[in-house]
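First up is the structure itself, then whatever we jot down about it.
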Amino acid sequence: MKHRYKRRINTVKNLLVAFCGLDGSGKTTQLNLLADWLESNHEHIFKTRQPCDFYRQNDKVRAYLDDGIVTNMHGIALLAAADRQFHVSEVIEPNLQHGHVLCDRYLYSSIAFFKARGESVDYIKAINKDVPEPDLTVFIDISPEEALRRIALRDAGQKTLFEEQDTSVFVKVRDAFLENIPSSALIIDGTQSKTAIHNEITSEFEKRRSFV
Ligand SMILES: Nc1ncnc2c1ncn2[C@@H]1O[C@H](COP(=O)(O)OP(=O)(O)O)[C@@H](O)[C@H]1O
Ligand SMILES: [Mg+2]
């Protein structure tokens with residue numbers, strides 16, 4: 001009798017993982033822990049972050065972030081969207097060919113912050129409409145008070161960003177995150193230990209990769 005072999009299709013895919021949350025929530029900490037874990041398992045990874053220097057170093061963006069001076073918030077949102085377009089096509093997509101891409105902040109941070117700055121979510125979504133949804137979006141949730149406490153500890157002595165001087169901005173940002181992250185996002189209680197959070201992320205990573 002002829003043996004019938006079931007052909008195994010190679011479904012291994014590199015994942016795009018985005019880390020979102022308030023400043024101080026532990027995004028960079030957890031991105032680095034996941035990167036180390038993947039590298040120790042001999043996986044290829046690429047670490048990146050949004051926004052890039054095109055946005056960060058723009059004079060109008062700096063005037064707003066440092067001192068709250070802005071004449072046209074739509075324009076600032078468009079700069080963020082242009083920055084993300086180049087980041088996706090020139091950095092994220094090429095690097096996904098070679099390994100997992102771990103991105104510190106993503107579109108959802110933009111939606112949350114620009115909503116808190118008075119922009120409509122529909123407008124931000126429209127100017128970012130073709131940005132790919134990550135394979136795994138991690139939202140690390142902490143209270144605005146805890147965010148401000150950690151930022152003050154971390155950045156002791158440095159100049160505080162304009163929006164980081166006021167808890168009410170962080171309340172709006174957190175609410176906007178929770179309303180706009182993808183329904184498939186992994187929402188983690190960020191007050192747990194770094195190790196407990198890391199373990200939740202690795203276990204979800206393993207699940208997501210077996211589904212793609
Ligand atoms: N789970 C945690 N519990 C307590 N402190 C934490 C935790 N995760 C991160 N931190 C600390 O909080 C600060 C902000 O963390 P960081 O990773 O820089 O946050 P983000 O990148 O989201 O701004 C750092 O000093 C970091 O060591
Ligand atoms: Mg960070």
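This structure is a prediction, so every number in the text was calculated from the model and none was measured. Both counts, for ligands and for their atoms, begin at 1 and track the order of listing.
- Residue Thr28: an N/O/S atom is found under 2.8 Å from the Mg ion (ligand 2).
- Counting the atoms of ligand 1 from 1 in the order shown, those under 4.0 Å from a heavy atom of Leu22 are 22 (O).
- Within the 4.0 Å heavy-atom cutoff, Ile140 does not count among the residues contacting ligand 1.
- For atom 16 (P) of ligand 1, the closest non-hydrogen atom of the protein is Thr29 OG1, 3.6 Å.
- At the shortest separation from atom 19 (O) of ligand 1 among protein heavy atoms lies Gly26 N, 3.1 Å.
- Ion pairing of Asp141 with Arg174 is present here, as a side-chain N (NZ or NE/NH1/NH2) and a carboxylate O approach within less than 4.0 Å.
- Heavy atoms of Gln30 found under 4.0 angstrom from ligand 1: none, in either backbone or side chain.
- For the pair Ile197 and ligand 1, a heavy-atom separation below 4.0 Å is found.
- Residue Ile151 does not touch ligand 1, judged by heavy-atom distances below 4.0 Å.
- Gln85 and Asp130 share a donor-acceptor pair across their side chains, judged by distance under 3.5 Å alone.
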After noting the C-alpha distance and the side-chain angles of Glu93 and Val88, does the key distance pass the side-chain contact (heavy atoms from CB on, under 4.5 Å) rule? CA-CA 6 Å; Glu93 285 172 348; Val88 168; 3.7 Å; yes

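- Nearest protein heavy-atom neighbour of atom 1 (N) of ligand 1: Gln192 O, 2.9 Å.
- Note that CD of Glu204 is 10.0 Å distant from CD1 of Ile201, once rounded to the nearest 0.5 Å.
- Taking CZ of Arg56 as the reference point, atom CZ of Arg62 lies at 8.0 Å (rounded to 0.5 Å).
- Within the structure, ligand 1 has Gly24 among the residues with a heavy atom less than 4.0 angstrom away.
- For atom 27 (O) of ligand 1, the closest non-hydrogen atom of the protein is Lys194 NZ, 2.9 Å.
- Between Asp135 and the options Arg208, Arg209, Lys13, a side-chain hydrogen bond (donor to acceptor under 3.5 Å, both in side chains) holds for only Lys13.
- In terms of modelled atom types and a separation under 3.5 Å, the side chain of Lys47 and the main chain of Leu31 share no donor-acceptor contact.
- The backbone N or O of Cys52 lies less than 3.5 Å from a partner atom in the side chain of Asp83, making a donor-acceptor pair.
- Contact analysis leaves Ala196 out of contact with ligand 1, as no non-hydrogen atom separation drops below 4.0 angstrom.
- Only the side chain of Arg150 comes within 4.0 Å of ligand 1, judged by heavy-atom distances.
- Taking every non-hydrogen atom of Gly190 and a distance limit under 4.0 Å, the qualifying atoms of ligand 1 come out as 1 (N).
- Heavy-atom proximity to Asp23, at under 4.0 Å, picks out these atoms of ligand 1: 23 (O).
- Using cut-offs of 30° and 60° on the angle between ring planes, the pair His74 and Tyr123 is parallel.
- Residue Thr28 approaches ligand 1 through these ligand atoms, each under 4.0 Å from one of its heavy atoms: 17 (O), 21 (O).
- Atom 22 (O) of ligand 1 has its nearest heavy-atom neighbour, among Lys27, His198, Glu146, in Lys27.
- Cluster annotation: Phe86 and Val101 are assigned to distinct hydrophobic clusters (Ile/Leu/Val/Met/Phe/Trp/Tyr, side-chain heavy-atom contacts under 4.5 Å, transitive).
- The proximity of Arg154 to ligand 1, defined as any non-hydrogen pair under 4.0 Å, is limited to the side chain.
- Using a cut-off of 4.0 Å between Lys/Arg side-chain N and Asp/Glu carboxylate O, Arg150 and Glu146 are scored as salt-bridged.
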